[in-house]
Q: 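Here's a structure for you.
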Amino acid sequence: MDDSAKRLLQRLVRRIPAQMLKVTLDKWDRLTAKQRKSVDFTQSKWAISQELVALCEESERTVKHIAELEMIYVTENPNQGMWHTFQLVDPEDDAHAVDLMLFKEQFKSHLRELKRNMSVKIKKHTDESVWIRIAWGDGLSRPNHLKATYVVHYLQTPYVFVSTLSSKHKPLLLQALTLSTRHQQIKDANLSGRKLTALRDLLMRQYQHVFPTKYPSPLAERNQSISNLHIEKEQAKASANRHRMAGEAFGNGILPALQSAVFKLETKFKDPSNETMTARDEPFRCGVKFSSTNLLESFRHCASSGIASTPVTPLLSSIPLKGRNYFVITDNVPTACSQMCQTQD
């Protein structure tokens with residue numbers, strides 16, 4: 001067992017929560033039942049990692065075996081790290097015929113034509129997603145398993161989710177994905193976040209996007225005075241109207257737990273009281289970022305409760321509608337920036 005395998009195992013033990021470590025090792029099944037039973041999981045993480053290193057050396061486990069353990073943990077706990085989404089476009093006539101075996105064969109073949117020094121592991125998860133783990137090597141160096149790239153793709157869909165991908169490896173991966181899925185192009189879907197399940201549900205519409213047709217009016221309180229009846233009636237009407245418009249924008253079901261959205265403004269500054277800024281030819285640039293544990297639910301609550309004005313601005317309702325959380329807003333002029341933004345759409 002070389003040093004890279006030891007470092008990967010030690011880091012993995014530190015990363016996996018103590019209450020999940022035993023279960024994850026049982027699923028790995030690279031140690032015998034007797035070996036697993038001998039591990040004292042009440043010890044410190046450092047002591048556990050030293051014990052596991054000794055057991056893996058005894059069983060002659062390699063870095064590829066340790067990578068399998070990491071892949072088990074990541075696939076079972078996907079809502080970690082930062083995930084970025086891409087969309088395959090222009091499918092070829094036989095794109096629908098690509099199955100798992102053909103995809104695995106083609107992907108590894110195309111990727112190794114572009115870069116030979118790497119380690120690739122592909123497995124199918126229980127939810128029909130295809131998980132890919134890539135450890136990249138540079139020059140004559142061994143593949144770096146400590147900074148592996150993870151790719152998740154659902155066959156017969158145009159969406160790909162990627163985590164921990166460097167800029168120099170990005171073109172290689174995207175080209176291999178495009179060729180192995182029988183598509184002409186792949187583009188940035190302008191959607192990212194730490195919860196893979198939320199990104200998947202938003203893009204693939206795997207959530208209850210229910211639009212109710214009637215909202216119940218609030219129950220009238222007892223012993224209301226006659227003078228307040230008109231006020232209560234108007235308030236109830238306004239509340240029902242806000243709920244209706246919030247439902248039209250975001251639906252009334254459980255929403256994907258998207259955690260952020262970014263809007264970048266690149267427009268001409270317009271303010272008669274500030275002639276210096278208004279006279280500038282280049283666009284005024286600024287950015288706005290919204291963050292929440294469940295951003296879409298927060299937007300819906302703000303609209304329905306009256307904290308935000310209604311009807312909901314298309315800038316916010318476009319997040320679930322277009323499946324994006326990154327937008328660039330430009331003037332409607334034929335500039336390089338506006339052309340770029342139209343391409344992103």
Side-chain angles (χ1 to χ4, degrees), residues 77-87 149-150 152 159-167 170 186-207 209 242 245-251 253-271 274 277 280 282-333 335-345:
N77 303 272
N79 295 332
Q80 303 180 51
M82 181 60 69
W83 292 91
H84 300 271
T85 59
F86 297 89
Q87 183 175 0
T149 295
Y150 276 90
V152 181
Y159 303 115
V160 180
F161 308 89
V162 182
S163 178
T164 319
L165 179 63
S166 66
S167 56
K170 181 178 177 180
I186 187 170
K187 66 177 184 178
D188 193 330
N190 295 307
L191 180 66
S192 61
R194 294 186 175 277
K195 289 195 173 183
L196 174 62
T197 52
L199 305 181
R200 177 203 64 197
D201 293 348
L202 189 62
L203 277 180
M204 301 174 66
R205 298 294 190 268
Q206 293 184 355
Y207 65 99
H209 206 181
R242 290 195 303 268
M245 288 188 282
E248 288 175 353
F250 301 106
I254 299 175
L255 293 165
L258 198 65
Q259 296 176 307
S260 66
V262 175
F263 296 85
K264 290 201 171 180
L265 183 69
E266 298 182 1
T267 61
K268 187 172 175 57
F269 191 89
K270 298 176 182 178
D271 183 359
N274 192 331
M277 291 293 294
R280 296 177 61 180
E282 65 247 29
F284 176 77
R285 294 179 172 87
C286 68
V288 177
K289 181 177 181 179
F290 296 93
S291 298
S292 173
T293 53
N294 192 328
L295 190 64
L296 297 179
E297 183 61 49
S298 297
F299 285 152
R300 182 169 62 183
H301 174 73
C302 287
S304 61
S305 63
I307 297 174
S309 60
T310 50
V312 178
T313 171
L315 293 176
L316 301 183
S317 60
S318 290
I319 297 174
L321 183 64
K322 294 187 176 182
R324 294 169 52 180
N325 67 346
Y326 180 87
F327 298 87
V328 180
I329 305 164
T330 64
D331 289 318
N332 293 323
V333 292
T335 63
C337 179
S338 65
Q339 291 173 357
M340 178 191 71
C341 298
Q342 290 170 7
T343 302
Q344 291 178 348
D345 292 339

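Hydrogens, waters and symmetry mates are skipped; everything else that's a heavy atom, side chains included, is used.
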Q: Take Gln80 and Tyr150 through the side-chain contact (heavy atoms from CB on, under 4.5 Å) test and state the conclusion after the steps.
A: CA-CA 11 Å; Gln80 303 180 51; Tyr150 276 90; over 6 Å; no
Q: Using side chain to side chain contact (heavy atoms under 4.5 Å, CB included) as the criterion, list what pairs up with Thr293, not counting sequence neighbours.
A: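 Thr293 satisfies side chain to side chain contact (heavy atoms under 4.5 Å, CB included) with no other residue.
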Q: Is the closest side-chain heavy-atom distance between Ile329 and Leu315 below 4.5 Å?
A: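 In short, these two side chains touch, coming nearer than 4.5 Å.
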Q: Measure the shortest side-chain to side-chain distance between Phe327 and Ile319 over non-hydrogen atoms and say whether it is less than 4.5 angstrom.
A: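 Yes - at least one pair of side-chain heavy atoms lies under 4.5 Å apart.
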Q: Any pair with a residue in residues 288-299 that passes salt bridge (Lys or Arg N to Asp or Glu O under 4.0 Å), sequence neighbours left out, goes on the list, sorted by first then second residue, please.
A: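 Residue pairs passing salt bridge (Lys or Arg N to Asp or Glu O under 4.0 Å), neighbours aside: Glu297-Arg300.
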Q: Any side-chain heavy atom of Tyr326 sitting closer than 4.5 Å to one from Ser192?
A: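 Counting from C-beta outward, Tyr326 and Ser192 never come under 4.5 Å.
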Q: Can you name the side chain to side chain contact (heavy atoms under 4.5 Å, CB included) partners of Thr85, sequence neighbours left out?
A: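 Phe161, Ala189, Leu191, Leu199, Leu203.
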Q: Let me confirm one number: the NZ-OG1 distance from Lys268 to Thr330, rounded to the nearest 0.5 Å.
A: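 Rounded to the nearest 0.5 Å, the NZ-OG1 separation comes out at 14.5 Å.
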Q: Which pair of non-hydrogen atoms, one from Val312 and one from Ser317, has the smallest distance, and what is that distance?
A: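 That would be CG1-N, 4.2 Å.
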Q: In sequence, state the C-alpha distance, the side-chain angles, and the governing distance for Met277 and Asp271, and then conclude on side-chain contact (heavy atoms from CB on, under 4.5 Å).
A: CA-CA 8 Å; Met277 291 293 294; Asp271 183 359; over 6 Å; no
Q: Do Lys187 and Phe86 come within less than 4.5 Å of each other through their side chains, counting heavy atoms only?
A: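 With C-beta onward as the side chain, the pair stays apart.
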Q: Taking only residues at least two apart or on different chains, which pairs with a member in residues 190-203 satisfy salt bridge (Lys or Arg N to Asp or Glu O under 4.0 Å)?
A: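 Non-adjacent pairs meeting salt bridge (Lys or Arg N to Asp or Glu O under 4.0 Å): Asp127-Arg200.
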Q: Given side-chain contact (heavy atoms from CB on, under 4.5 Å), test Leu316 with Phe263 step by step and report yes or no.
A: CA-CA 10 Å; Leu316 301 183; Phe263 296 85; 4.1 Å; yes
Q: Calculate, to the nearest 0.5 Å, the distance between atoms CG and OG1 belonging to Leu165 and Thr149 respectively.
A: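 Rounded to the nearest 0.5 Å, the CG-OG1 separation comes out at 5.0 Å.
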Q: Kindly write out the residues that satisfy ring pair (Phe, Tyr, Trp, His ring centres under 6.0 Å) with Phe299, not counting sequence neighbours, or none if the list is empty.
A: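 With neighbours one apart ignored, the set is Phe290.
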Q: Got a sec, which residues hit salt bridge (Lys or Arg N to Asp or Glu O under 4.0 Å) with Arg242, two or more places apart in sequence or on another chain?
A: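 For Arg242 there are no salt bridge (Lys or Arg N to Asp or Glu O under 4.0 Å) partners, ignoring immediate neighbours.
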Q: Using 0.5 Å steps for rounding, measure from the CZ atom of Arg324 to the CG atom of Asp188.
A: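 Those atoms lie 9.0 Å apart.
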Q: Which distance, rounded to the nearest 0.5 Å, do you find between the CD1 of Ile186 and the OH of Tyr159?
A: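 If we round to the nearest 0.5 Å, Ile186:CD1 and Tyr159:OH are 12.0 Å apart.
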Q: Which atom pair, heavy atoms only, marks the closest approach of Lys270 to Asp331?
A: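 Of all heavy-atom pairs spanning Lys270 and Asp331, the closest is NZ-OD1, 4.5 Å.
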Q: Drop me the distance from Asn79's CG to Gln259's CD, to the nearest 0.5 angstrom.
A: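 If I round to the nearest 0.5 Å, the distance is 8.0 Å.
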Q: Do you know the tightest heavy-atom contact between Thr197 and Pro78?
A: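 Residues Thr197 and Pro78, closest heavy atoms: CG2-CG, 4.3 Å.
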Q: Between Leu296 and Pro320, is any pair of side-chain heavy atoms under 4.5 Å apart?
A: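 Yes - at least one pair of side-chain heavy atoms lies under 4.5 Å apart.
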Q: So, does Ser163 use its side chain to make a donor-acceptor pair with the main chain of Met82 at under 3.5 Å?
A: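 A pair under 3.5 Å: yes.
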